[in-house]
Amino acid sequence: MAASKGGDLIVSFGEMLIDFVPTESGVSLAEAPGFLKAPGGAPANVAIAVTRLGGKAAFVGKLGDDEFGHMLAGILKQNGVSVEGIKFDQGARTALAFVTLRADGEREFMFYRNPSADMLLTPDELNLDLIRSAKVFHYGSISLIVEPCRSAHLKAMEVAKEAGCLLSYDPNLRLPLWPSAKDARDKIMSIWDKADVIKVSDNELEFLTGKEVSDEAALSLWHPNLKLLLVTLGEDGCKYYSKSFQGKIAGFHVKTIDTTGAGDSFIGALLCKMVQDQSIITDEAKLKEVLKFACACGAITTTKKGAIPALPTESEAQTLLKSN
C-alpha cells in the first residue's frame, strides 16, 4: 500500500516490538506459567489506531530481519499501515519486552534490547520522501535513548518540520530503558520546544515537573511554539491547554482489563480527526468534541487484553459515546 501524496497522512516514527504477556493475569513475570506474543511499541500502536479509525498512516522504524520482525511488518500491512518507511537489520534482533499486569492492573516491564534493531536506524536509512508527504509526524522518546537512532530521530523531525508537518510528541516514558531518571528527563525535554502537540500522562507530568498534577504543573511545560498540550488522567479523562483556552474532559467508566495502548489509542484518535480539520486546535467546541471521542477510544482499548487487538473502530467509539 503506497502512501498517497497530498493526502491526510500521519507518519509515526520509532519502535515496534513484541510484548510477551503472561497467560495468567495478576502474577509477577517469574510466576507466569506461560506467555502470549502481543505486537506493540507505542508509535506502531498509534499508526494502527489511526487506520482502525479510517485514517491514513505510515510507520518509520527498523525491525530485525527475523521471524518476529517480518511478523510485525505483516501486522502493520494487515492493518492498512504503509510499510515503505521500514528497514530490516540483518545483524540485530527485533526488540522484545516481557510485560506483566499486576493484580492492581498496573504494568511491570522487562526489556530485551542489546541492542535491538530499532536502536540501529541511521539517518541515511530514513525514507525522507515519505516523511515529507505527511501532514502529521508523530514520535515518542524511546528513540532518543541511544545512537544512531537518536540522530535518525532528530533528522526525521527536522525534515518533517521543514516540510510543514504538524509535530506530535508523546514521550511515553519507560524508565527501565534509560540509563538514569535524569538522563530520561534531560533527553525527553531536549526536543520539547519543537513539538506543536504534546500529550503526557499524569505520571509523566509528575516525573517531568517534579510537581503534583495541576494546571500550574502542566503550564510550566508550555513553550511558545506549542499549539496544544494534553494531560491524560486515566479513567478521569484528560485536561487540555491551548494558547487561548484550557479545560477538562470527563473520562468513561468501563471495565478495565489491560491499560496497554490506551494512550496510543487516545492520541491516534485525536490526530486522525485533526488531520482532517486543523481548526480543531483553535476552536474549543470542536476540540472538546474530538477529545471526548479520543477518551472514548482510550477507554475501549482498556477493555481487552493487548494494545492492537483492542484498538477501536469509529463505530465502536460512537457506540460508547451514545451510551454515555
Side-chain angles (χ1 to χ4, degrees), residues 1-5 7-21 23 35-89 93-97 99 116-118 121 125 127 130-131 133-140 142 170 172 257-258 260-273 275 297-298 300-319:
M1 169 189 157
S4 68
K5 294 279 175 211
D8 293 337
L9 179 68
I10 294 166
V11 169
S12 204
F13 173 91
E15 71 286 351
M16 187 174 194
L17 59 141
I18 295 181
D19 289 334
F20 283 88
V21 189
T23 47
F35 293 90
L36 290 168
K37 306 194 294 282
N45 293 342
V46 171
I48 295 176
V50 167
T51 57
R52 189 78 45 94
L53 293 167
K56 287 212 318 256
F59 175 72
V60 173
K62 203 173 203 189
L63 298 165
D65 190 5
D66 50 34
E67 290 245 335
F68 286 157
H70 291 284
M71 179 192 106
L72 291 175
I75 286 165
L76 288 169
K77 271 190 231 169
Q78 283 158 27
N79 283 283
V81 175
S82 162
V83 295
E84 293 170 72
I86 292 181
K87 289 283 182 219
F88 291 94
D89 195 296
R93 295 280 186 223
T94 301
L96 308 179
V99 186
S116 52
D118 59 290
L121 181 71
E125 292 174 313
N127 182 333
L130 178 66
I131 292 168
S133 70
K135 217 179 226 186
V136 174
F137 182 68
H138 175 77
Y139 47 89
I142 288 171
D170 176 359
N172 209 6
I257 290 171
D258 175 6
T260 309
D264 305 328
S265 180
F266 172 91
I267 191 75
L270 171 73
L271 296 177
C272 194
K273 297 294 181 192
V275 84
C297 289
I300 292 167
T301 308
T302 70
T303 61
K304 291 184 214 160
K305 261 196 182 163
I308 292 169
L311 296 167
T313 59
E314 176 88 25
S315 64
E316 286 172 319
Q318 294 299 348
T319 304

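FYI, side chains are in, hydrogens and waters are out, and symmetry mates aren't considered; it's all heavy atoms of this structure.
- Closest approach of Gly61 to Leu121, counting heavy atoms only: CA-CD2, 4.2 Å.
- Residues Gly64 and Ala117 share a closest heavy-atom pair of N-CB, 3.3 Å.
- A search for side chain to side chain donor-acceptor pair (under 3.5 Å) contacts involving Lys305 returns Ser25, not counting sequence neighbours.
- Under a 3.5 Å cut-off, the side chain of Ser116 and the backbone N or O of Arg93 do not form any donor-acceptor pair.
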Do Asn45 and Ile308 pass the side-chain contact (heavy atoms from CB on, under 4.5 Å) test, and can you show the C-alpha distance, the side-chain angles, and the key distance before you say yes or no? CA-CA 6 Å; Asn45 293 342; Ile308 292 169; 3.5 Å; yes

Checking salt bridge (Lys or Arg N to Asp or Glu O under 4.0 Å) for the pair Asp8/Lys135: CA distance, chi angles, key distance, verdict? CA-CA 6 Å; Asp8 293 337; Lys135 217 179 226 186; 2.7 Å; yes

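- Val50 is not listed as a side-chain neighbour of Val275, based on a closest heavy-atom distance of 4.5 Å or more.
- How far CG of Leu63 is from CD1 of Ile86: 5.0 Å, rounded to the nearest 0.5 Å.
- Looking at every heavy atom in both residues, Lys304 comes nearest to Ala310 through CB-CB, 3.6 Å.
- You'll find the side chain of Leu130 reaches within 4.5 Å of the side chain of Leu9, heavy atoms only.
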Taking distance alone, no hydrogens or angles, what donor-acceptor pairs closer than 3.5 Å link side-chain atoms of residues 10-21 to residues at least two apart or in another chain?
from  : atom 1 : to    : atom 2 : distance (Å)
Ser12 : OG     : Pro43 : O      : 2.7

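- Judged as a side chain to side chain donor-acceptor pair (under 3.5 Å), and not counting sequence neighbours, the contacts of Asp89 are Lys62.
- Atoms CG and CD, from Leu72 and Glu67 in turn, are 11.5 Å apart once rounded to the nearest 0.5 Å.
- The two residues Pro312 and Ser265 come nearest to each other via the heavy atoms CD-OG, 3.5 Å.
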Tell me, with the steps shown, if His70 and Asp65 meet side-chain contact (heavy atoms from CB on, under 4.5 Å). CA-CA 7 Å; His70 291 284; Asp65 190 5; 2.6 Å; yes

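- Evaluation of the salt bridge (Lys or Arg N to Asp or Glu O under 4.0 Å) test over residues 262-273, restricted to residues two or more places apart or in two chains, returns Lys273-Glu314.
- Checking side-chain atoms of Asn79 against main-chain N and O of Ile48 turns up no donor-acceptor pair under 3.5 Å.
- In plain terms, the two heavy atoms of Leu76 and Phe59 that are nearest each other are CD1-CD2, 3.7 Å.
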Chi angles and distances behind the side-chain contact (heavy atoms from CB on, under 4.5 Å) call for Ile267, Leu271: CA-CA 6 Å; Ile267 191 75; Leu271 296 177; 4.1 Å; yes

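- For Thr313, the side chain to side chain contact (heavy atoms under 4.5 Å, CB included) partners at least two apart in sequence or on another chain are Arg52, Ser315, Glu316.
- Asp66 has its side chain out of reach of Phe88: every pair of non-hydrogen atoms, C-beta onward, lies at least 4.5 Å apart.
- For the pair Gly268 and Ala49, the tightest heavy-atom approach, listed with the atom from each and the gap, is CA-CB, 4.2 Å.
- Side-chain N or O atoms of Thr94 include one that pairs as donor or acceptor with a backbone N or O of Gly69 at under 3.5 Å.
- Taken from CD1 in Ile131 to CD in Glu84, the straight-line distance is 11.5 Å, to the nearest 0.5 Å.
- Phe266 pairs by the ring-ring contact (aromatic ring centres under 6.0 Å, His included) definition with nothing, not counting sequence neighbours.
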